Visitor: 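Following this message is one structure expressed as structure tokens.
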Amino acid sequence: SSDLVASGSDVELIREEDDVSVYDIADHPDFRFRTTDIVIRIGTSGDTSVTKENEPSVGQVARVDVSSKVEVVWADDSKTIVLPQHLYNVESEIEEPDRSE
């Protein structure tokens, strides 16, 4: 068994913070959306008590703004702006054809 010192002198620095160029930051594959992608709402933002039972859960991406918020046109023709972590991209399950041939 290891003995931990309460003073914190046994804390090991695992990794220092690095500054990186914005050009080195890659898109997260789960949050990549394009216009016309079909999406499913998987979460809500804010107060969940105001979420309506009949709120549509399937829609199509109309626009992605510079802050990565996604404007969705829902099945009932309503439009909302949604954070990408609250959407599931159905298109991500469909493999794109190999265009290298």
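No hydrogens, no waters, no symmetry mates; every other heavy atom, side chains included, goes into these values. Along the sequence shown, residues carry numbers from 1. Predicted model only: the values in this text are computed from it and were never measured.
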Visitor: Going from CZ on Arg32 to CG on Asn89, what distance comes out if it is rounded to the nearest 0.5 angstrom?
Guide: 10.0 Å
Visitor: Restricting to side chain to side chain donor-acceptor pair (under 3.5 Å), what partner residues turn up for Ser78, sequence neighbours left out?
Guide: Asp76
Visitor: Who pairs with Thr36 by side-chain contact (heavy atoms from CB on, under 4.5 Å), at least two apart in sequence or on another chain?
Guide: Gln60
Visitor: Check the hydrophobic clustering (I, L, V, M, F, W, Y; side-chain heavy atoms under 4.5 Å; chains of links allowed) and say if Val73 and Val58 are grouped together.
Guide: no
Visitor: What distance do Glu55 atom CD and Thr80 atom OG1 have between them, rounded to the nearest 0.5 Å?
Guide: 7.5 Å
Visitor: Do Val82 and Trp74 touch side chain to side chain, with heavy atoms closer than 4.5 Å?
Guide: yes
Visitor: Check Pro84 against Lys69 and note the closest heavy-atom contact, atom names and distance.
Guide: CD-CA, 4.5 Å
Visitor: Side-chain contact test, heavy atoms from C-beta onward, threshold under 4.5 Å: evaluate it for Ile40 versus Leu87 and give yes or no.
Guide: no
Visitor: Apply side-chain contact (heavy atoms from CB on, under 4.5 Å) to Glu71 and list each qualifying residue two or more places apart in sequence or on a separate chain.
Guide: Ala62, Arg63, Lys79, Ile81
Visitor: Determine whether Val90 and Val39 make a side-chain contact, defined as any pair of heavy atoms from C-beta on separated by less than 4.5 Å.
Guide: no
